[in-house]
Amino acid sequence: MVKQESAITNGHKLTPAERIWHTVGLIPTGNVASYGKIADLAGLPGRARYVGYCLRNVPASLTLPWYRVLRSNGQIAFKTGSPQAATQRELLEAEQVLVQNNRVNLRLFGWEPGLDVLLHQLAF
DNA sequence: CAAGTGACTTTCG
DNA sequence: CCGAAAGCCACTT
């Protein structure tokens with residue numbers, strides 16, 4: 001049995017940034033995750049800010065669901081009223097994720113990766 | 001090396 | 001439920 005590899009992992013040692021991008025790419029449609037949670041799942045606990053930094057620097061070659069990443073309380077991280085915040089809200093609502101008062105209910109939409117994902121896609 | 005910055009988080013009042 | 005304060009960490013100046 002061969003371990004399944006994504007385009008990002010591609011059988012190589014991953015840099016911290018690559019692990020973050022990879023993890024963000026695993027968030028399913030219709031779900032969201034906090035910066036801190038992505039950091040944890042990527043094996044980088046305590047580095048929520050770094051997740052934000054990495055998402056700001058996504059290679060043009062990559063297409064990621066960056067808009068599925070929110071603050072720990074479910075809020076959109078961008079300044080309210082900014083064009084980026086508006087875009088993020090549109091993208092979320094386009095996949096049935098409810099955004100009220102600039103905020104998503106993590107109880108309802110928060111991503112909880114299954115064991116299969118933890119063991120196969122997140123086994124760094 | 002010191003100081004500033006930020007798509008963050010937690011704690012306190 | 002805000003808002004401020006402090007903690008946090010990688011990166012830039």
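The sequence lines fix the lettering, A, B, ..., with proteins before strands; numbering per chain opens at 1. All values reported here derive from a predicted model rather than from experimental measurement.
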In residues 92-111 of chain A, what residues come within less than 4.0 Å of DNA chain B, judged by heavy atoms? none

Take atom [atom1] of [X] and atom [atom2] of [N], then tell me their distance rounded to the nearest Å.
| X | N | atom1 | atom2 | result |
| --- | --- | --- | --- | --- |
| Ile20(A) | dA7(B) | CD1 | P | 15 Å |
| Asn57(A) | dT5(B) | CG | P | 18 Å |
| Gln84(A) | dG6(B) | CD | C1' | 13 Å |
| Gln75(A) | dT10(B) | CD | C1' | 14 Å |
| Asp40(A) | dC8(C) | CG | P | 16 Å |
| Leu64(A) | dA7(B) | CG | C1' | 13 Å |
| Leu55(A) | dC11(C) | CG | P | 14 Å |
| Arg71(A) | dG3(C) | CZ | C1' | 13 Å |

Would you mind reporting whether [Y] and [X] have side-chain heavy atoms less than 4.5 Å apart?
| X | Y | result |
| --- | --- | --- |
| Ile38(A) | Leu55(A) | no |
| Val99(A) | Gln88(A) | no |
| Leu41(A) | Leu118(A) | yes |
| Val69(A) | Val32(A) | no |

[X] near the nucleic acid: base, sugar-phosphate alone, or nothing, with a heavy-atom cut-off under 4.0 Å?
| X | answer |
| --- | --- |
| Tyr50(A) | sugar-phosphate |
| Arg47(A) | sugar-phosphate |
| Tyr53(A) | sugar-phosphate |

side-chain contact (heavy atoms from CB on, under 4.5 Å) for Ile20(A) and Tyr50(A)? Distances and angles first, verdict last. CA-CA 9 Å; Ile20(A) 287 169; Tyr50(A) 186 57; 3.4 Å; yes

Determine yes or no for a side-chain-to-main-chain donor-acceptor pair under 3.5 angstrom, with His22(A) supplying the side chain and Ala42(A) the backbone. no

Donor-acceptor pair, distance only, cut-off 3.5 Å: does the side chain of Glu95(A) make one with the backbone of Gly30(A)? yes

Would you say Ser72(A) reaches dT10(B)'s phosphate, i.e. side-chain N/O to OP1/OP2 under 4.0 Å? yes

Counting only side-chain heavy atoms from C-beta out, which of dG6(B), dA10(C), dC11(C) sits nearest to Arg49(A)? dG6(B)

For DNA chain C, which consecutive runs of 3 or more Watson-Crick or G-U pairs (each distance under 3.5 Å) count as stems? B:2-6 with C:9-13, B:8-13 with C:2-7

Enclosure of Asn101(A) CG (heavy-atom neighbours >12, cutoff 6.0 Å): no

List the steps, then state whether side-chain contact (heavy atoms from CB on, under 4.5 Å) holds for Tyr67(A) with Thr87(A). CA-CA 8 Å; Tyr67(A) 55 89; Thr87(A) 300; over 6 Å; no

